[in-house]
Amino acid sequence: MKAVKIVKPNDLQVIDMEKPVIDAKNNVLVKIRAAGICGSDVGIYHGKNAAATYPRVIGHEMVGDVVEVGENVTKYQVGDRVIIDQVTACGHCYACRKGRPNVCASLQVRGVHIDGGYREYMAVPESDCYRLPDSLSYEDAVMIEPTTIAVQACSRAQVEFEDNVMIIGAGALGSSILRIARLYHPRRIIMVDIDDGKLQESLQHGATDVINSRTEDVVARAHELTDGYGPTVVIDAACFKGSFLTACKCAGNAGRVITMGFGVDPDDINQFVITSKELDVRGSRLQNRKFQTVIDLINQGQVDLSGSISHRFYFQDAQKAFDFNDTHDPSIRKIVLTFD
Ligand code: MN
Ligand code: ZN
């Protein structure tokens, strides 16, 4: 079978690879039908993802058909359409015992630490598969994964109706978080970005207020919009130098600040800004078994992922897809690789 491998940074090759066989653990064989290109895939391609190891078959947004099942498989049958969870964990470390396999001490993410979804077939445990909503095409279904990341952030933030939520960054991640946060009916959702176009889009998707951080004082505006208190939830979906400090300065007493970045540039932050307001600063990494939550939201009509894909490339043309992505053409929303 064919696979897309990043042999080393900036060296993408379509290679021949042995088709996987199912065994006692990896007991479902999935024929991949669509795989999304995510910012982190681009980062691995360009050698900008510190977690990745090479050579690597990348791709962690992977959707396909069950084509073979092991004898002990109970949940799936040949022909089922599924999405595969990218997180694999040891099952017995402290984090795993606490029900948080997404930060397992021996975490192995498909497409990052172990081979991922840019290949024709994958063998995975049935417990890592989730049945797709009938209403969703394979291509649109790749968007379930980014939506799980948004659900994770909102769950770490414990968003509820009493909150004033501020989201820093109105790009793909921030707007996905906006769509989930609004399901909790918080008082306000304030979006922060430097791009007025993205901020306008946020208003159409349920933001109550927007702040352009290039032209406005974010900390002052955030307090004005919340009667002087400050947002009780601040989610940093942008992660640039200074954004963490801004988030902590904006957050109101007893609030939660959620970090999602992997940046290593220090912010000039002191304990006072956290202790004096007794802020909870929490990281949100990947997602913790949130696929079923998102699929349920789709089936209930609360989340609509249809029409999210802007561009499609055959997976063996992955080089073209990544080159096109690098043009940062404004028409790019989501690029998927297709397999037939
Ligand atoms: Mn992703
Ligand atoms: Zn573990």
Side-chain angles (χ1 to χ4, degrees), residues 4 6 25 32 34-46 48-52 56-64 82-118 122 125 127-128 130 132 136 138-154 169 171-180 235 237-239 260-262 283-291 293-295 303 305 308-311 313 315 318 321-322 325 332-337:
V4 176
I6 306 303
K25 183 170 173 285
I32 301 299
I37 296 181
C38 179
S40 65
D41 298 309
V42 177
I44 297 170
Y45 169 52
H46 286 309
K48 295 200 174 113
N49 184 317
R56 180 65 54 230
V57 174
I58 59 170
H60 62 273
E61 301 174 353
M62 51 234 165
V63 165
V82 295
I83 185 161
I84 299 169
D85 196 326
Q86 79 276 47
V87 171
T88 72
C90 79
H92 50 76
C93 72
Y94 176 84
C96 284
R97 289 201 311 277
K98 292 287 174 184
R100 295 168 65 179
N102 55 315
V103 286
C104 169
S106 315
L107 177 70
Q108 293 198 301
V109 179
R110 295 192 170 97
V112 181
H113 312 95
I114 56 174
D115 284 343
Y118 292 175
M122 291 179 80
S127 55
D128 288 350
Y130 295 87
L132 296 181
L136 212 56
Y138 294 108
E139 295 172 13
D140 288 332
V142 306
M143 290 301 295
I144 293 173
E145 190 276 340
T147 311
T148 65
I149 307 302
V151 169
Q152 179 74 9
C154 291
L173 177 59
S175 58
S176 208
I177 296 169
L178 164 63
R179 285 166 206 235
I180 296 300
I235 300 176
C239 183
M260 303 187 77
F262 269 71
S284 182
R285 181 174 187 186
L286 299 163
Q287 51 77 35
N288 179 5
R289 316 274 321 158
K290 298 292 191 237
F291 282 86
T293 308
V294 173
I295 289 165
V303 165
L305 299 181
S308 325
I309 306 306
S310 58
H311 299 85
F313 290 85
F315 81 108
F322 277 77
N325 183 73
I332 297 174
R333 286 292 176 273
K334 187 70 178 180
I335 305 176
V336 287
L337 301 179

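Both counts, for ligands and for their atoms, begin at 1 and track the order of listing. None of the values given here were measured: they were computed from a predicted structure.
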Undergrad: Is it true that some N/O/S atom of Cys93, main chain or side chain, lies under 2.8 Å from the Zn ion (ligand 2)?
TA: yes
Undergrad: Give the atom name of whichever N/O/S atom in Glu61 sits closest to the Mn ion (ligand 1).
TA: OE2
Undergrad: Less than 3.5 Å apart, any donor N or O on the side chain of Arg56 or Tyr118 sitting next to an acceptor on the other?
TA: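 Arg56 vs Tyr118: no donor-acceptor pair found between side chains.
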Undergrad: Got Glu145 and Met62 here, is their nearest side-chain heavy-atom distance under 4.5 Å?
TA: no
Undergrad: Regarding Arg110 and Asp115, does a basic nitrogen lie under 4.0 Å from an acidic carboxylate oxygen?
TA: no
Undergrad: Using 2.8 Å as a strict upper limit, say whether an N, O or S atom of Asp41 approaches the Mn ion (ligand 1) that closely.
TA: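 No, outside the cut-off.
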Undergrad: So which of the N, O or S atoms of Glu145 lies nearest the Mn ion (ligand 1)?
TA: OE1
Undergrad: Which angle, to the nearest 10 degrees, do you find at the Zn ion (ligand 2) between SG in Cys96 and SG in Cys104?
TA: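 Vertex at the Zn ion (ligand 2): approximately 110°.
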Undergrad: Say you draw a straight line from CD1 of Ile37 to CZ of Phe313; how long is it, rounded to the nearest 0.5 Å?
TA: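 Taking CD1 in Ile37 and CZ in Phe313, the distance rounds to 7.5 Å.
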Undergrad: Let me confirm one number: the CG-CE distance from Asp128 to Met122, rounded to the nearest 0.5 Å.
TA: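 One finds 9.0 Å between CG of Asp128 and CE of Met122.
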Undergrad: What angle sits at the Mn ion (ligand 1) between NE2 of His60 and SG of Cys38, to 10°?
TA: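 Between SG of Cys38 and NE2 of His60, the angle at the Mn ion (ligand 1) is about 90°.
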